[in-house]
There are 2 protein chains.
Amino acid sequence: MEDETLLMLPGPVPLPERVRFAMARQAINHRGAEFGGAYSNIVRVLKTCFGTNNDLMVISGSGTAGMEAAVSNFGKGRKMAHLINGKFGERLWKIGERYGEAVPIESEWGTPLNLEALKEALENGCEVVTMVHNETSAGILNPGAEVGKICRKHDALFIMDGVTSIGGDNVKADDWGVDVAIVGSQKCLAAPAGLAAVSVSSRAWEKAVKNPPYYFDLPAYRKNAAKSPMETPYTPAVPIFFALREACLLIEEEGIEKRVARHHRMAKAVRAAVAAWGVEMFPKTDAIHQYSNTVTAARIPKGSNDKDFRGHVKKFGIQIAGGQDHLKDVIFRIGHMGCVSAPELLATLAATEYAIQKSGHKVTSSGVMAAAEVLG
Amino acid sequence: MEDETLLMLPGPVPLPERVRFAMARQAINHRGAEFGGAYSNIVRVLKTCFGTNNDLMVISGSGTAGMEAAVSNFGKGRKMAHLINGKFGERLWKIGERYGEAVPIESEWGTPLNLEALKEALENGCEVVTMVHNETSAGILNPGAEVGKICRKHDALFIMDGVTSIGGDNVKADDWGVDVAIVGSQKCLAAPAGLAAVSVSSRAWEKAVKNPPYYFDLPAYRKNAAKSPMETPYTPAVPIFFALREACLLIEEEGIEKRVARHHRMAKAVRAAVAAWGVEMFPKTDAIHQYSNTVTAARIPKGSNDKDFRGHVKKFGIQIAGGQDHLKDVIFRIGHMGCVSAPELLATLAATEYAIQKSGHKVTSSGVMAAAEVLG
């Protein structure tokens, strides 16, 4: 039987019909006007989502491919500082280790980044900084503007993983001084998995290394994107380009400001539910570290565990995410990125409230109604 | 207006309806039974196409990503011999240069590989050999079995790019002693572009290097493919997996032997047409180097050029390929891989015959009828 589970994950996200059927198109020559037109539509819309006028290129691969393209083209052979407060911050560090001297600047998952340690690392010769803007593993939103300022002050390149924020939350890559930003197709953009987009500032181009991996050679992507019609250096995953183009047209029709506001409203509704339940949010926020607006991470009530808790939610055909690595059995995560609808969110909160009660935790009041008040 | 050009290229190829609509499926969790089932169907069928019992893994990326995965996991820091008689042989060399001491063993494009020079290189310390089985840039089929024997004799690892032969021509990776074989989804398999599959022998696993690019870390792919349900280490391009699964089921329904025989018959028909036209085939064959059975490369008649020649064919809404790099204006190439039908081939040969006549070349006899005799 086909699996018709409603995915309420921090990606992949449910796909709008227009996006799905865009992929049924017959194969075309990827060095021609139709492909170039799709690529150019994507770039136009993504630049508004990134908040950038920089070059923007699309790689056929997952978000991880985009992260590796960034690190390998600008970090190879260099000393890099990797800000870490979750799984994807760690991944950038692991990638960094394959290319240069990779210095981890670790905080507990879901707690604020250690910016004092970052300044020290930059004074000790780090030339490149990586940060995950929206750390889905812990549900925390890290401070792009503040880290950008620190990087500029020390003339370091700033690589920002916006895989799960771009297209759903405010990102101002140019204003913040982000040199390289990355997004994945299957998150806030609500397209299928398979593409990563990377923007590169002129400052970064000047410092690009020689001989990154062949498949991730960003200067080759730049050269081919400058052609008319636009091209990619190697054969692209054409159906995913068509899907992402359609997803971008949907973003343009909605308007990026409205889309971000919608994500904020969804997040506010989920947080209202969590508060009503009397369940503890997982991240520790401060003046510049906030709760994620695209995924909410909260603690599983004491006495329950990941399997039982999410099992209760699954009874309704809804899949929420658990914790990764050492956060398994500690947190649950509800994704609300992309084109998640109000009915989908209400149903998810109802199923989660049921799971909370089945865990033996007495809710303070109805989370579903608290969310309905925000969404109504 | 949508581009409805018939693509008669050495990839991408026209897609069967079942394959295209498989992609319209709603997003699913890629760490679950449905995805694992699709991945496992793909592996089962591709092993018959590769002629292998080795591990086989699928990477979200183009054929080039597969080539780089092979070279980086098994050639990094080593001395490699790259057999070259066309553009893709050259590409493997260029990739090799980013990872180790890359020794090119060059022949003119479309002429036999220099196996004597290969033996010498192996005696001089090369530990890894790369060869393109079906070199589409020149329309020549290189000798897998013979090169495999030479590699075994010198205990060298044999990486074979089967991007445009596997699934359309005879490939016996295990019998030939191929350690690492690669295929792309958008060629003989008749799926969309976006995936590469790589098989790895136990001999190769023993010699795998440490720290290849993170995204191409084949041991991580192997580990995740061994899970039940099967997984990939990073988020896969799910719709292309669904399409490739459907394409593999089509291959299974046809049977790989029949499919190869069909490709051979198509190739024979095109070669019969070329002979009837009195046009010169481009490749220089010998006892072990043959004409490709998935793409036919022949010389553009004197006095014409690429633009004019293919322009005549294009009048009928059919796109054939020209020559790449220095072969532009020298050759034209007709792709006949995947699920190309008899009507599509006959129409293409008619359009090509028209182009030949418009070039001022008097055909000896009707190529279309010569092909019809083969296909009928």
Side-chain angles (χ1 to χ4, degrees), chain A residues 2-5 7 9 11-15 17 20-30 32-35 59-65 67-69 71-72 91 94-95 97-99 184-186 192-195 211-217 232-240 243 319, chain B residues 2-5 7 9 11-15 17 20-30 32-35 59-65 67-69 71-72 91 94-95 97-99 184-186 192-195 211-217 232-240 243 319:
Chain A
E2 273 196 354
D3 181 355
E4 296 299 345
T5 304
L7 299 184
L9 306 173
V13 301
L15 301 173
E17 184 176 299
R20 294 191 283 117
F21 282 88
M23 290 186 279
R25 175 92 180 89
Q26 185 49 279
I28 58 161
N29 175 12
H30 54 270
E34 187 175 348
F35 177 78
I59 297 172
S60 294
S62 73
T64 303
M67 291 158 82
E68 183 154 26
V71 170
S72 61
R91 179 168 292 184
K94 284 182 191 167
I95 295 173
E97 282 187 311
R98 303 207 178 190
Y99 292 97
S185 51
Q186 81 281 19
L195 296 178
N211 290 329
Y214 192 81
Y215 192 69
F216 298 133
D217 192 320
T232 54
Y234 320 116
T235 308
V238 175
I240 316 281
Q319 185 172 13
Chain B
E2 273 195 353
D3 182 353
E4 295 299 345
T5 304
L7 299 185
L9 305 173
V13 301
L15 302 173
E17 185 176 300
R20 294 192 282 118
F21 283 88
M23 291 186 279
R25 175 95 180 88
Q26 184 50 277
I28 59 161
N29 176 13
H30 54 270
E34 187 175 350
F35 177 79
I59 297 172
S60 293
S62 73
T64 302
M67 291 156 83
E68 184 156 25
V71 171
S72 60
R91 179 167 293 182
K94 284 183 190 167
I95 295 172
E97 282 187 311
R98 303 207 178 190
Y99 292 96
S185 50
Q186 81 280 18
L195 296 178
N211 290 329
Y214 192 81
Y215 193 68
F216 298 133
D217 191 319
T232 54
Y234 321 116
T235 308
V238 175
I240 315 281
Q319 184 170 14

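Convention: sequence-line order gives letters A, B, ...; per-chain numbering from 1. No hydrogens, no waters, no symmetry mates; every other heavy atom, side chains included, goes into these values. If you're wondering where the values come from, they're calculated on a predicted model, not measured in any experiment.
Looking at A:Leu7, only its side chain comes within 4.5 Å of chain B, counting heavy atoms on both sides. Within the 4.5 angstrom heavy-atom criterion, only side-chain atoms of A:Gln319, from C-beta onward, approach chain B. If you measure heavy-atom distances from B:Glu17 to chain A, you find no contacts under 4.5 Å at all. There is no contact between A:Thr5 and chain B, counting heavy-atom distances below 4.5 Å. Both the backbone and the side chain of B:Pro213 come within contact range of chain A, judged by heavy atoms closer than 4.5 Å.
Of all non-hydrogen atoms in A:Glu4 and B:Arg25, the two that sit nearest each other are OE2-NH1, 3.9 Å. Between A:Phe21 and B:Ala24, the shortest heavy-atom contact is CE2-CB, 3.7 Å.
The most heavy-atom pairs under 4.5 Å with chain A, out of B:Ala193, B:Pro233, B:Pro236, B:Pro12, come from B:Ala193. Per-residue heavy-atom pair counts under 4.5 Å with chain B were compared for A:Gly11, A:Ser60, A:Pro212, A:Gly32, and the maximum is reached by A:Pro212. If you tally non-hydrogen atom pairs under 4.5 Å between each of B:Val71, B:Leu9, B:Ile240, B:Asn29 and chain A, the highest count goes to B:Asn29. When each of B:Pro192, B:Ala65, B:Gly194 is scored by its heavy-atom pairs under 4.5 Å with chain A, the top score falls to B:Ala65. Across B:Ala237, B:Ser62, B:Ala243, the residue that shares the most heavy-atom pairs under 4.5 angstrom with chain A is B:Ser62. Ranked by heavy-atom pairs shorter than 4.5 Å toward chain B, the options A:Val13, A:Ile59, A:Leu195, A:Ile95 are led by A:Ile95.
Side-chain contact between A:Arg91 and B:Tyr214 is present, with heavy atoms from C-beta onward closer than 4.5 Å. Considering only heavy atoms from C-beta on, A:Val238 stays 4.5 Å or farther from B:Gln186 through its side chain.
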- side chain to side chain contact (heavy atoms under 4.5 Å, CB included) between B:Met23 and A:Arg20, worked out: CA-CA 7 Å; B:Met23 291 186 279; A:Arg20 294 191 283 117; over 6 Å; no

- Would you check, one step at a time, whether the test side chain to side chain contact (heavy atoms under 4.5 Å, CB included) holds for A:Glu97 with B:Asn211? CA-CA 9 Å; A:Glu97 282 187 311; B:Asn211 290 329; over 6 Å; no

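Shown here are the side-chain hydrogen bond (donor to acceptor under 3.5 Å, both in side chains) partners of A:Glu68, two or more places apart in sequence or in another chain: A:Tyr99. The side-chain hydrogen bond (donor to acceptor under 3.5 Å, both in side chains) search around B:Thr235 returns none, not counting sequence neighbours.
To the nearest 0.5 Å, atoms CG (A:Leu15) and CD1 (B:Ile28) are separated by 11.0 Å.
By the 30° and 60° cut-offs, the orientation of the rings of B:Phe216 relative to A:Phe216 is parallel.
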